[in-house]
Each structure stands twice: as C-alpha cells, then as structure tokens.
Number of protein chains: 2
Amino acid sequence: MAREPMTTSTEAQTAVATSKSQRAYAWLHERIVTREYTPGYRLVLAAIAAELDMSVVPVREAIRRLEAQGLVTFERNVGAHVAMIDDSQYRHSMGTLALLEGAATALAAPHLTEADLRRAREVNRRLVAGLDDFDPHAFTALNQEFHAVLFAPCPNPRLLELVTTEWARLGRLRDSTFTFVPGRAQESVREHEEIVRLIEAGAPPADVERAARAHRSATLAAYLNHEHPGAHA
Amino acid sequence: MAREPMTTSTEAQTAVATSKSQRAYAWLHERIVTREYTPGYRLVLAAIAAELDMSVVPVREAIRRLEAQGLVTFERNVGAHVAMIDDSQYRHSMGTLALLEGAATALAAPHLTEADLRRAREVNRRLVAGLDDFDPHAFTALNQEFHAVLFAPCPNPRLLELVTTEWARLGRLRDSTFTFVPGRAQESVREHEEIVRLIEAGAPPADVERAARAHRSATLAAYLNHEHPGAHA
DNA sequence: CGCAGCGTGATCATATACGATCCGAGCGCC
DNA sequence: GGCGCTCGGATCGTATATGATCACGCTGCG
C-alpha cells in the first residue's frame, strides 16, 4: 500500500495537514466574528490572497463556504462583502435564537453540575456589578458567557450548532455589538437569576424552556421598542 | 484521463446570466435532495465538471457551499461524498426539526386561510386513503406536503430557512426515504387531524406549537423504537 | 468613452491517495 | 527434500484533489 509503513507517513501528515483553503476559511471566519471586519466590509480576493500568501483560488472557496453560512454576501462580478443584516432580519434571527436557545437550555438543565450553576451565578454577579459604570461591550460578552454556560451540556449537538450559527448571524448587525438595550439590563439579570433558580430547583423542562425563551424574547422586544432610531445621532 | 480539448468557450452560453458555479451548485443540490445521488455517493470533481461542460474550479466552489450547508462531506486529498448521517445524528436532527417546525407552525397558524386549511385536510385525506395498499415513498411525500402547507405562511423567514435545511439534512439518512415507521401511520394522520382542528378553532399558539412538536417527536420515538429498539438512553 | 481594477473560469503543475503488480517468505502437499 | 500455493509487503502507476497562473469580460470611475 503506502511506501512507508505508517510511522513516517502519519508523522508527516499531522505536521502539515491543513489545506490552504482551510486556512483562508479559518482566518476570514475569525476576522468576521471578532468584528475586525465589520458588516459591509468589502472583501477583495486578491488582497486577502496576498496577505495569506496564496492565490485567489483557495480564498474564493473559503468565501463560498462563508457565503453558504450566511456570514458573507456575494454578488456576481462585483465581489464579496461581510454580511449585514437589517432590523427585520435581526428580529427574525433573534426570535429563532430564543427558540433554539430556550430548548437547548432546557435539554441541558438536567446535566448541569453544581460547578456549572456556581459559574453561571458568578457570571451573573459580574453582570450585576457592571450595571453602574456601564460598558455595553463587556455586558454583551458576559451575557453570552452566561447563556453559553447554561446550554453547554445540551445533549443535542445539532441544536448547539444552530445556536452558534445564529449567534454569528446576529453579530452581523451593522452597528453596536450584539444586543444591548440600556433599560433592559436590570430586568435581564433578574431573569438570569430566575432561570438559574428554576434549574436548581429541578423545574420541569417545559418551565425552563419557557423562561429561557421568554428572556430572549423580552430582550428582543425591548430592543425593537427602544433602539430602533437611525444609527447615530 | 485525457484532457478535454475545449476548443470554444466564447459561444452559446453567453445568454445565461448565472455564473457557472451557481449552475453547478443548483445542479448538485438538485441531485442530492432528490436522492439521485444517494448518501455516501462519491462526487468526482472532474466527472461533474465534464458533465456540466466546465472546469473543476466552479465545481469545487459549489461543493464547498454544499459542504458548509451539510449536504456534502469533504476530505482533504480524498474527495467529496454526499453526506451521510447516522442514527444518532438523525435523532438529533429530527428533534431539532420538531422544535423548529412546531414553532413555525404556531407562528403560521394565524395567517392560514380557509383554502390553506382545506388543502391541509385534503392532503391528509390522501394520506388516510393511502393507509392500506401502502407506499412509503408516497406517504413520506404527502406527509411533507401536509406540514409544508401548515407552516408556509410563517412570518419568520429565517425559521423557514432552518426548517428547510433540516429537512435536507434528514434526507441524508442512508437507507429508506425520510422517515416512515409502519405502525405509526394511523396515529400520525390522527395527529394531523388534531393539529388542523386546533388551528381552525383558534387555539393559543402555545397549544399549536406543543401539538406540532409532539407529533414530530412521537414519530421520532416510534422510529427509534421500531428500527432500533432499546438503542441509546 | 476609455481605462483600471477585479471577479470568473480555463489550463497547467504538483501532491497525495488508492489500486495493481510483483517479489519473496512461509507452509502444506507430493 | 523438492515443488507449488498462498499470503504479506514494497514498488510503481494512475486517478484525483489542490493550488498557481493566465486570459477574458464585467463594472465602476474618471
């Protein structure tokens, strides 16, 4: 079969097994989700190829995948841009996230350990601590962490995959980071507390799901009522 | 393998406005969802390119997109295969579909017209009629149509997108078409009837959602018990 | 209205994996 | 003990993916 039994073959493989199109994909994905490339940013194939020291071919493949994933929009003969969602798409995506995350949290609840719950409470405490002297960016990050802790042990990997995708999608909103609605913060952390309490008390999955879903939905509603006006002042 | 002479390239196709990679994508997508290319089928780039009269480059881009969508698996230096899901993935995907479709149906309910409901009933009648003299393939198709009618007017396009994706995914099960469990059919059509009744009666969205979700979950449970009794927890 | 930039796709060169063939050793049979 | 059969393993060949370069055409801008 192979000319070398398997030792050298395996060794050599593991060292350089990553293809260029893989590298391009990972690189671009990273830039997009971290918002280093903000929504609407024009992606020039040749420039990216040059930066990564490869030709345009692997870059195009990477962008096709990102397109299928919804992170990039592609226009024939024009080029690629980092995807940008409008308020309507944001609303729909957030509604979907509420659904997915609510279910994931309910499914994960029985598998949460004491340590997990302590961690969730700790994160929520940090959220409370940040309520005065407010930093939207930090709040958003902690908020995500809180939810991630709660649904992480969900036994349905497909569901987790969709939740992740939806998060990435929501991050394509033009301005601001993720969601943050000033008046919502206090209410939000209270709901967090309530969700943890329900889980700890061993509430029925349906109750946990309803609470988690309602929490996201309320955030969405607040966002729509409050933050709708045009961009900056 | 001899290369194709490829004498003329600047004729004939100029009328079509769609790019070649688009055409390749659509063509492959079609073949896969119709199960003309069954799960596990090896996709050879050069062969597809020859069939579509193009080079491998657009085909590769198309396959990358299909990969991101989960319809195709890609292995470095080995090639692409039509994605194949195992029972575990099927279970998770079906659970997710129950969730998504349940919500979509509940959201769509208020927008269903008389005609929609008539159509749903008609489709279900055809399902009932097919109970004796059984054709799993036809039953599956009608079953999908029934559900599609009910959630079509769902105002959340993102949700519909995910439902569609999940359907395509479920179709990647190696054997048989979609789901069909012999003993389930009668029960299934009764539940269909009940769902339509709930919607017609203007039941609360939560009730519609619960019924639609439970219907799919029951189908899944029956599938698991029948096809793999006592599998998993 | 022409020029420049850039996306699109074909061709070519290279790397890698899989399969076929061939060689030599172990082993049973005469 | 000699002969042939079979099987493990290496070498080579071919099929195929991967990526670079080049030619062409569209689009936008002056």
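Keep in mind it's a predicted model, so treat the numbers as computed, not measured. Throughout, protein chains are lettered first and strands after them, A, B, ... in sequence-line order, and every chain is numbered starting at 1.
- By the 4.5 Å heavy-atom criterion applied to side chains, B:Val82 and B:Thr38 are not counted as neighbours.
- Contact annotation for B:Val57: base contact, defined as any heavy-atom pair under 4.0 Å involving a base atom.
- A donor-acceptor distance shorter than 3.5 angstrom exists from the side chain of B:Arg172 to the backbone of B:Ala168, with no hydrogens or angles considered.
- Scanning for side-chain hydrogen bond (donor to acceptor under 3.5 Å, both in side chains) contacts around B:Glu145 gives B:Arg119, with sequence neighbours left out.
- At distances below 3.5 Å, not a single donor-acceptor pair connects side-chain atoms of A:Ser188 with backbone N or O atoms of A:Arg184.
- Checked against C:dG7, D:dG19, C:dG9, the side chain of A:Ser21 finds its nearest nucleotide in D:dG19.
- In this structure a side-chain-to-backbone donor-acceptor pair under 3.5 Å is missing from A:Gln144 to A:Ala141.
- Which of D:dA20, D:dG19, C:dA10 sits closest to the side chain of A:Ser55 comes down to D:dA20.
- No side-chain donor-acceptor contact under 3.5 Å links A:His111 and A:Asp116.
- Rounded to an integer number of Å, the gap from NZ of B:Lys20 to C1' of C:dA10 is 8 Å.
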Write out a two-atom table: protein N or O, nucleotide N or O from nucleotides 13-15 of chain C, distance below 3.5 Å.
none

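- For the side chain to side chain contact (heavy atoms under 4.5 Å, CB included) criterion with A:Ser21, the lone passing option out of B:Arg60, B:Arg64, B:Arg76 is B:Arg64.
- Relative orientation of the A:Phe151 and A:Trp167 rings is perpendicular, given thresholds of 30° and 60° on the angle between their planes.
- A heavy-atom distance below 4.5 Å is found between the side chains of A:Leu97 and A:Val163.
- When each of C:dA17, C:dG7, D:dT16 is scored by its nearest atom to the side-chain atoms of B:Val78, the top-ranked nucleotide is C:dA17.
- The distance between atom CZ of A:Arg23 and atom P of D:dG19, rounded to the nearest whole Å, is 9 Å.
- Contacts between residues 58-75 of chain A and DNA chain D, defined by a heavy-atom separation below 4.0 Å, involve A:Pro58, listed by number.
- Whole-Å rounding puts the A:His81 NE2 to D:dT27 C1' distance at 12 Å.
- Among the nucleotides C:dA10, D:dG19, D:dA17, the one closest to any side-chain atom of B:Leu45 is D:dA17.
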